[in-house]
Each structure stands twice: as C-alpha cells, then as structure tokens.
Amino acid sequence: MNLELQAQDFNNYKPLICKGTIPQDFKEVLKEQVEKTRQDAKGSIEENRIDIAFSELSNYQLRKILYSGDVLYGDKLTDYVNKVADIILENDKPLRAKLRFYVLRTVELNAYTTQKGIVFVSTGLLSQIESESQLAFILCHEIIHYKNNHNIESYRTSEGARTGMGEMPDIYKYKKENENEADREGLELYLKTPYGTGKINNLFDVLLYSYLPYDEIPFDSGYFNMDNGYELPGTYFPGKVNEISAEEDAPDSLSSHPNIRSRRSAIQLLLKAGKQKEGKDFILSHSEFDLIVKIARYEIASVNIQKSNLTDALYDGYLLEKIYGKSLYSDKIISAALYALSKQKYYEDDNYKSYKAWESIEGESQSVYQLIAKIPAKEIAVLCATDLYQKYKKYNDSFFLIRFKSAVYEMVRQNLTLKNFNDVPENSNDTVAVTGKVSKIKKQKKNSNVTGVEDKYYLNAFAGMLGDTLLQNTFLYYINQKNKMIEERKDPDYISKSDIRKKYIEKYGESLGIKKFILLKPMYSAVQRNSVKTTSGNMTYYRNVLSRNPKITPLVEVESEQMIINTFRQKCIEKGIQLKVSGGYETDSASTELFNEYQSLIIWLGERLSVGNMGMNLYSGQYIEKSAKDYGYLANAYILNVEKSYFFRCVLLDLKTGNSALIYSKTISKAKPGSKKSIAAIDELLERISRLEN
C-alpha cells in the first residue's frame, strides 16, 4: 500500500487539500473556450448556434463547480479514483487521455460527467460503496455518458436550446434514455475489466439507501451522561426510531434517473443472459479501499460542520467513534456540532422549524435529531459547556478551551452562574430512554413523589468540580462583563456617545482605517423580473436566464466580474490599500497554493454566512489562520443587475472573529459594471474602509 496513505493521521485528522501542479482545467478562460467552439463549428447555422450556446453555458457552470470550494485534485481520494479509471481503460489509452477525474467534498452520493471529459465523484459516494468493483461500475457508467456525448445531446433537445431563452438548466442531468444507455453500455465496458459482477446488485442497494448516513448504529441515550448525576432525560430520545422506508419502485416522473427497481432489473436481465463473469472485487487491494472509505467518512464529518448540517455532523462524530475508535478528531466534530447547535438554539426560537424535521427522519440518526429538537436552549448550553470542559481537561487543546469560554458566556447570558449548580449531585429521575411499559409506570410513580428533579438534571453538570479554577475564573469573568455592560448602558453618557456615533455614520459612513484586505471573487448575476397571476394577486419572481440578449449571457457575467475586480484593484492603488484578490481565475498567477487558500476562504465564508451573526468560533477558522494574520479582513461583494437597476452589496468580515466590520449596500439606476456610477459606489465603499475617523 502507498506509504503516504499509511501515514495518514486519523487521531488529529486534517481535511484534504489539493496537491501538485494546478490542472489546466482550472485555468481555462471562458471567452477562449467559446471562441474555439465558434471556430470549430461545421454544422448548419441553427446547429452551430446551439453548440456555441451549449459551450458557453456548460463551461460557465463547470467554472462555477471548479471554484465552488468543493473540488479536490492531487489528493489521496482523487488519486485512488484515477487509479481505478486506469484499470478500466487500460486497453483504451486514447479515451483515458481525454478524461480527468476529480473528487468533490460533498455529502451527497453522486458522480457526474461533463462534455469536456471531467468526471466528478463525491466523498459521499466513496463513503458508502462496498467495494472497488462498485466504484469501477459507476465510473464505467460515467465514461459512457462522455463517450456518447449525452451532455450536449440532452441540451440539444431542451426547451432552452430550441427557443434561445429559458431557465439556466442543470447541464449535467440526462434523459432517462441516456441513463439506461449508460447502464447498459457501461456494463459492456465493465465486462472488459478484471472486475467481477458479484457486487453490482448490491450497488443498487447502496444507491437506494444513499439518503441515510453511511452506517446505522443506535445512538446511546446515555452517551453524554456523567457519573456525577448529570443524566439527560430519556424523554429527549425516541422509544423507537422510524423504520427505513426507501422505495425501490418510487415514481421517477420528476427524476432524470429511472427508479432503482428499473435499473436493477435491466442489469439483472443482462447478467442472466450470460453477462455474468468471475473476477475480482479488489484489484488495488482491499486494505487500500478500506482506507479510502475511512478518509471519505472523515471528510464528510467536517463538510457537514462547514455546511451547517450540524445534527448530521453530531451523528457523524458518533459514528466515527463507534466504528474507528474515539479520537481527537471525532471529539472535535462532536464538540463543534454541539457548540454550533447551542448557539443556534439560543439565537433562534426553540420551536424553530429546522428542529421539527426529527419527526420524519428515518433510521438511527433520528435519536440525535429528537434530542436536539427537544432539549431547551439553556440545557444544551450546559451540555455543550460540560462536553468542552471535559475535553479540554483531557487534551489541553485550545480548540476546546475557546469554545468552552464561549459556552460559559451563553450560560451567563441565560442567567446561570456557578451558584445555580449542585456541588453534591442530586438523584436523577431517568438515566436511559424509557421504552417498556413497566419502566414507564415506575417512572410515573417516581415523578409523582419527586418534583423537579428531572427538570433540573442539568444542575448536576459540574457537581464535584465547582472548586476548579478554570470554571470559577471563566464564570466570574463573564458575569463581571455582563454587569459592566448593564451599568454602562445606564450611564447617560453611554447613550449620548452612542447617538453621536450613529449621527456620524449617517453623515459620513463608517470610518474603519483598514489598509489591507482580501477580496473574494465577486459574484455578478444579471436576472430578469417576471410576474405571474395567482389567486391572491400578482407574484413577482426573478430568474437567471440564458438568452440571445447579450446583456445576460454567462460570458457577459464573467467579463463583468473581471471588470469589477479591475475596478477594485485600481481604486485600492489610488487609496493606498493593499488588496489581494482570491479566486480571480488569472492564468498567470494560478497555483495550487493560491487555490488551496481560496478554497479555505470560500469554505470559511460559507460557514460564516450559514450561521449568521451569532458570535461563533467557526470550525473552519483553524484553516485560515495565515490569511487572518496577513490580511485580517475578507470582502465578499455581490452585484445583482435587474433590468435597469444595479444592486451592489459588499460585506467586510473580520477573519479572526467572523464579525461584520462593514455592510455596504447601494442600489443604482441605469448602471452596469465599469460605468461611472458603479465605479463611484466601489470608490465610496473603499473610502469607508480605509478612512480614519476624525
């Protein structure tokens, strides 16, 4: 086995990053790609029009995927996928040379192919397949999509291609006939490989249950309990989780794929007709495959944290511990998920709709969903703090310490002090989930004699620890901070100074005195306003369109983004601001180091935007420390062009804290990128960022 694979540190796992030379795919210029298609066009006028439009749209969407923050190259997972592709196409070197394989850090079980020969395979897929041969069959399916030109074939028959205007489609969805063809011919290609057909039927089961976590392990209702009397009530957990109801023959009228039963039956008929063959499930080795699956599972745990799929992340951490053993990494995942959920519970109503999904969750993860739905904000704050406190004592890692202090701050804001907690534990009413009739009856009798014990179980959280210096000092600090703030706000001078500050900002705008920051690639989008009549009146909506109108083509959007970047650059030079553009797609400066930096920043930004202004220590913050130290701030600009209106919005974020330093919004009539009005808006923004307050 590859020595680099063997050296992977799973105890303190670090998410994968790209390695090696940045591929040419990441440096392509959209305008040049479209122009090449135009020059190579040899069909009728209408065929050429469709092919050129497809080139523009497909390369535009591919560009968005490549710079989504999810794509990996040169890493362990991508190298493995490429090695399996090498085996499949060992006897077709010309076809192999046309294909490139990348891994996407996404939870969804997915693989798809582009017209250019780029095949994407998700970490979600790698986390759930059962053998190397199953991956090989999936790759064969995707290779046929490319070989038979299914991308452009599907587009040519679409409404958008016929009319020249339509919704921006998902260019990587195929017709059912294409999917059946990819299965059928993919099997023919697969039969030419050294792999056997024994695991193909099971692959359809993997696909059928792909919406579930990669394993089904009951969540221990006593997992967070402690010996000091801190025991979560069994009523926070279901007596029995919902059964798994995956439908193999589900209606597929709204899906691009035939349902699982149709696909399975078609393949089984071919296999019964003499297509079965002996072969291997593992060519590279079983142990290497197991390691790849393990890495993929570790990856999706951090992906779920970063995408704010927090309850899923909590269960991910639990699965990692149960399958591979407790580690610093699994403990960090569980703590980070609990911490973010605690913040979310405090800032949102306990009845917030996101917590109601637990009733429809299937399988063992429902226990975690119900726990998060049932536990009140104050109690999850205590649970979070105790979890972080214990892990800091165990690991002496600042990751836990800074979040522990933040969790104590949340408890103090909810009027909890150390005086509220029991030094000597009181008996808990309920140590495990109540399931049987006898247990329920005993519980009811016990509750009738002891009032309030179960409701106040969380007050045992620090029993036997109240003399700890860390606990005492942390609580004391935040209590003093809270009292100080209360007193300051009573002072008339405080109100006066606040009013003066507001009037200054209203007159001059913010004055931050910031002289350097990173600008993430701006997002420019031209949309069309549409109105439809409904029973309750007219409804207005917006859509991104592909049309013959040159004002709203993908190519114009890309050129507009570059124009905005150039304006930022020029104005920053004029104002003496040190600007770094990240994700600007510049071929002359493209490198893996810069690409990894960009990926880290966009992942951090995605997590920051998903959690909002909750004052949270972001999980992704540990991976952007150099950017935070070197530049301090990240600017994220978004420009929306709605017909003749130009809406410009930019948020300046502190990379160390995640706090918003500035939110700038301006709506301009009759403007476009590069116009005097739009340049003036950027100039005003930069003036506020760089100007020192008088």
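Once rounded to the nearest 0.5 Å, the distance linking CG of Leu125 with CG of Leu135 reads 6.5 Å. Between the CG atom of Leu187 and the SG atom of Cys140 there is a distance of 8.5 Å, given to the nearest 0.5 Å. A distance of 6.5 Å separates CG of Leu271 from CD1 of Ile267, quoted to the nearest 0.5 Å. We find the CZ-CG distance between Phe224 and Leu338 to be 4.5 Å, quoted to the nearest 0.5 Å. To the nearest 0.5 Å, atoms OG (Ser127) and CD1 (Ile292) are separated by 12.5 Å. Here Arg403 contributes atom CZ and Ser335 contributes atom OG; the two are 9.0 Å apart, rounded to the nearest 0.5 Å.
Between Phe219 and Phe237 there is a side-chain heavy-atom pair separated by less than 4.5 Å. With contacts defined as side-chain heavy-atom distances shorter than 4.5 Å, the pair Glu142/Phe120 does not qualify. In this structure the side chain of Phe475 reaches within 4.5 angstrom of the side chain of Met411, judged on heavy atoms. Between Phe421 and Val382, the closest side-chain pair of non-hydrogen atoms falls below 4.5 Å. Between Gln344 and Leu341, some side-chain heavy-atom pair lies under the 4.5 Å cut-off. A heavy-atom distance below 4.5 Å is not found between the side chains of Val611 and Lys343. By the 4.5 Å heavy-atom criterion applied to side chains, Glu410 and Tyr347 are counted as neighbours.
Between the side chain of Gln599 and the backbone N or O of Val71, at least one donor-acceptor pair lies under 3.5 Å. Using modelled atom types, one side-chain atom of Thr123 and one backbone atom of Thr106 make a donor-acceptor pair closer than 3.5 Å. Judged purely by atom type and a 3.5 angstrom limit, Lys345 has no side-chain atom pairing as donor or acceptor with the backbone of Ala381. With Ser610 contributing its side chain and Glu607 its backbone, the two residues share a donor-acceptor pair below 3.5 Å. With Glu130 contributing its side chain and Lys199 its backbone, the two residues share no donor-acceptor pair below 3.5 Å. Side-chain atoms of Thr78 never come within 3.5 Å of backbone atoms of Asp75 as a donor-acceptor pair (strictly under, hydrogens ignored). Panel note: side chain Ser221, backbone Gly234; no donor-acceptor pair is recorded below 3.5 Å.
In this structure, the ring-ring contact (aromatic ring centres under 6.0 Å, His included) partners of Tyr298, at least two apart in sequence or on a different chain, are Phe10, Tyr13, Tyr324, Tyr329. Under the rule for a ring-ring contact (aromatic ring centres under 6.0 Å, His included), the partners of Tyr478 that lie at least two apart in sequence or sit in another chain are Tyr409. In terms of the ring-ring contact (aromatic ring centres under 6.0 Å, His included) criterion, Tyr214 has no residue partners (sequence neighbours excluded). Considering only residues two or more places apart in sequence or on other chains, Glu321 meets the salt bridge (charged side-chain N to carboxylate O under 4.0 Å, His left out) condition with Lys326. Judged as a ring-ring contact (aromatic ring centres under 6.0 Å, His included), and not counting sequence neighbours, the contacts of Tyr102 are Phe26. Applying the side chain to side chain contact (heavy atoms under 4.5 Å, CB included) rule to Gln370 yields the partners Pro238, Trp358, Lys374; only residues at least two apart in sequence or on another chain are considered. Scanning for side chain to side chain contact (heavy atoms under 4.5 Å, CB included) contacts around Asn420 gives Leu416, Thr417, Leu459, with sequence neighbours left out. With sequence neighbours left out, the salt bridge (charged side-chain N to carboxylate O under 4.0 Å, His left out) criterion links Arg184 to no other residue. Under the side chain to side chain contact (heavy atoms under 4.5 Å, CB included) criterion, Ala136 pairs with Val84, Ile88, Tyr190, Tyr195, not counting sequence neighbours. Legend: residues meeting side chain to side chain contact (heavy atoms under 4.5 Å, CB included) with Gln390, ordered by chain and number and at least two apart, are Met226, Thr386.
In summary, the side chains of Asn422 and Asn460 do present a donor paired with an acceptor at a separation below 3.5 Å, with no hydrogens or angles considered. For the 3.5 Å distance criterion, the side chains of Glu364 and Tyr315 fail to qualify, holding no donor opposite an acceptor. Asn201 and Gln268 form a side-chain donor-acceptor contact under 3.5 Å, judged by distance and modelled atom types alone. A donor atom on one side chain and an acceptor atom on the other are not found under 3.5 Å apart for Glu181 and His145. For Gln128 and Ser210, the side-chain atoms include no donor-acceptor pair closer than 3.5 Å.
In this structure, Ala463 and Asn228 approach most closely via the heavy-atom pair O-ND2, 3.3 Å. Taking all atoms of both residues into account, the shortest heavy-atom contact from Glu216 to Gly363 is OE1-CA, 3.2 Å. Nearest heavy-atom pair, Gln366 versus Val241, reported as atom, atom and distance to 0.1 Å: OE1-CA, 3.1 Å. When every heavy atom of Ala313 is checked against every heavy atom of Asn304, the shortest pair comes out as CB-CB, 3.8 Å. Between Gln306 and Ser620, the closest heavy-atom pair is CG-OG, 3.2 Å. Between Gly69 and Ile602, the closest heavy-atom pair is CA-CG2, 3.5 Å.
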- Message: With side chain to side chain contact (heavy atoms under 4.5 Å, CB included) as the criterion, how do Val293 and Leu126 come out once you've worked through the C-alpha distance, each side chain's angles and the decisive distance to 0.1 Å?
- Response: CA-CA 6 Å; Val293 170; Leu126 295 174; 5.9 Å; no
- Evaluate side chain to side chain contact (heavy atoms under 4.5 Å, CB included) for Val103 paired with Tyr80, printing each intermediate quantity in order. CA-CA 10 Å; Val103 165; Tyr80 182 80; over 6 Å; no
- Hey, mind stepping through Asp215 and Lys322 against salt bridge (charged side-chain N to carboxylate O under 4.0 Å, His left out) and telling me if it holds? CA-CA 10 Å; Asp215 208 335; Lys322 294 302 176 184; over 6 Å; no
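Other residues, nucleotides and ligands place more than 12 heavy atoms under 6.0 Å from the NZ atom of Lys294.
Classified by interplanar angle (parallel below 30°, tilted 30° to 60°, perpendicular above 60°), the ring pair Tyr457/Tyr236 is perpendicular. Using cut-offs of 30° and 60° for the angle between ring planes, the Phe204 and Phe137 rings count as perpendicular. Note on ring orientation: taking the six-membered ring where Trp is involved, the planes of Tyr389 and Phe462 are perpendicular (angle over 60°, cut-offs 30° and 60°).
Using a cut-off of 4.0 Å between Lys/Arg side-chain N and Asp/Glu carboxylate O, Asp397 and Lys332 are scored as salt-bridged.
Checked against the 6.0 Å centroid threshold, Tyr230 and Tyr458 do not count as a close aromatic pair. Under the 6.0 Å cut-off for aromatic ring centres, Phe404 and Tyr392 do not qualify, their centroids lying 6.0 Å or more apart.
Within the structure, salt bridge (charged side-chain N to carboxylate O under 4.0 Å, His left out) contacts touching residues 203-214 (residues at least two apart or in different chains) are Asp205-Arg264. Under the salt bridge (charged side-chain N to carboxylate O under 4.0 Å, His left out) criterion, the residue pairs touching residues 295-314 are Asp70-Lys307, Arg105-Glu299, with sequence neighbours excluded.
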